[in-house]
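Remarks on the structure that follows.
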Amino acid sequence: SVVATKFASFSSVDQLKSVLTEYSYDSLLILGGGSNMLFTQDFHGLVLKNEIKGFDIVEETDESVTVRSGAGEVWHEFVLRCIKNGFAGLENLSLIPGSVGASPIQNIGAYGVEIKDVFYSLEAFHIPSGAIHSFNAEQCEFGYRESVFKRKLKGQYVITSVSFRLSKNPTINTAYGAIESELLKMGISTPTIEDVSNAVIAIRSAKLPNPKEIGNAGSFFKNPIVLKSDFEKIHQQFPEMKYYEVSATEVKVPAGWLIEQAGFKGKRFGDAGVHKNQALVLVNYGNATGQEILAVSKNIQETVFATFGIHIEAEVNVI
Ligand code: EPU
């Protein structure tokens with residue numbers, strides 16, 4: 001385990017302000033749920049846990065509703081609350097670990113939906129000035145598991161609330177094959193948003209390890225995006241390689257497939273390992289250190305590169 005020099009939590013902007021003035025610190029780390037992080041060493045600074053709560057309807061029409069959530073709410077609880085109210089758009093993102101405030105930072109996504117699709121705006125505390133700034137979707141510069149908060153504004157803001165524009169007349173999104181087959185298994189032909197949520201929960205529970213039971217940070221790697229011109233050569237050599245077109249010039253390759261083919265699926269190195277049902281997820285069977293998990297991830301990256309000539313980038317935040 002690793003140690004932080006100082007730790008505090010805050011449940012309002014005022015509390016955040018007073019913590020930042022009362023504590024002296026050299027470096028600062030803001031945690032949502034901490035579910036997408038790998039700690040490889042002690043943190044010599046101040047760790048702050050965001051516990052700002054709240055659920056408000058800020059605008060409502062016959063068709064849609066804008067819901068604002070405190071950044072410290074648990075993501076899945078927020079999703080369930082929206083579903084219960086009949087607000088559609090987040091059901092495909094059920095059971096993702098973490099907090100609402102962390103969701104825009106890496107534009108969380110699953111089963112054909114990313115939060116950028118339903119994101120309306122967010123409010124964030126600007127650490128250097130103490131001002132509250134508002135960001136719309138464009139200003140967040142969302143990309144695949146990316147936003148401006150991971151890039152040029154990294155470390156400058158604490159997200160305090162996030163608003164989503166949700167629909168009261170849902171269009172169910174079951175395009176992702178696994179959802180269709182799960183609904184079929186459940187014997188449902190005209191699914192409600194609750195059914196979609198239940199299908200996603202069933203798929204995730206079967207494929208992904210529960211972080212409460214076995215340490216993991218979800219997908220450890222991003223699915224690499226490869227230029228079509230490069231991919232064509234690789235694909236000739238590995239015709240069975242799966243891929244999805246993402247633009248006129250690029251394809252996305254499932255890293256889970258690459259890692260599995262490279263022989264790592266289900267492998268264990270001491271207490272560090274690769275999940276048996278989803279090779280994209282690294283797991284800690286108990287006492288692996290962050291360094292050991294990182295070493296396994298490097299080994300995977302090198303082997304995948306040596307085998308396929310494709311670099312896979314980490315998705316988790318390594319501290
Ligand atoms: N695959 C394998 N072997 C594996 C894992 C996957 O061959 O061990 C193949 C599958 O057969 C499938 C393809 O890879 O053809 C895609 O697999 P899957 O549907 O499980 O999704 P993924 O691309 O591996 C991504 C996200 C997940 C998200 C799922 C579902 C990333 C980095 N990961 O995984 O997100 O839940 O799609 O939409 O984009 C996360 O970010 O932490 C996360 C869990």
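Hydrogens, waters and symmetry mates play no part in the numbers below; they use all other heavy atoms, side chains included. Remember, it's 1-based here, ligands and their atoms both numbered in the order they're listed.
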- Query: Below 6.0 angstrom between ring centroids: does that apply to Phe164 and Phe78?
  - Reply: yes

- Before accepting this row, confirm whether a basic side-chain N of the pair Arg81/Glu73 lies closer than 4.0 Å to the acidic partner's carboxylate O. no

- Kindly write out the residues that satisfy salt bridge (Lys or Arg N to Asp or Glu O under 4.0 Å) with Lys212, not counting sequence neighbours, or none if the list is empty. none

- Kindly write out the residues that satisfy side chain to side chain contact (heavy atoms under 4.5 Å, CB included) with Ser297, not counting sequence neighbours, or none if the list is empty. Phe220, Phe221, Leu282, Leu294

- Does CD belonging to Gln139 count more than 12 external heavy atoms closer than 6.0 Å? yes

- Task: Quick one: which residue pairs count as a ring pair (Phe, Tyr, Trp, His ring centres under 6.0 Å) with a foot in residues 260-305, not counting sequence neighbours?
- Result: none

- Could you please provide the protein residues found below 4.0 Å of ligand 1 on a heavy-atom basis, arranged by chain and number? Gly109, Ala110, Tyr111, Tyr144, Arg145, Tyr176, Arg204, Lys207, Gly218, Ser219, Phe221, Lys222, Asn223, Lys242, Tyr244, Pro254, Gly256, Trp257, Glu260, Lys265, Gln278, Ala279, Leu280, Glu315

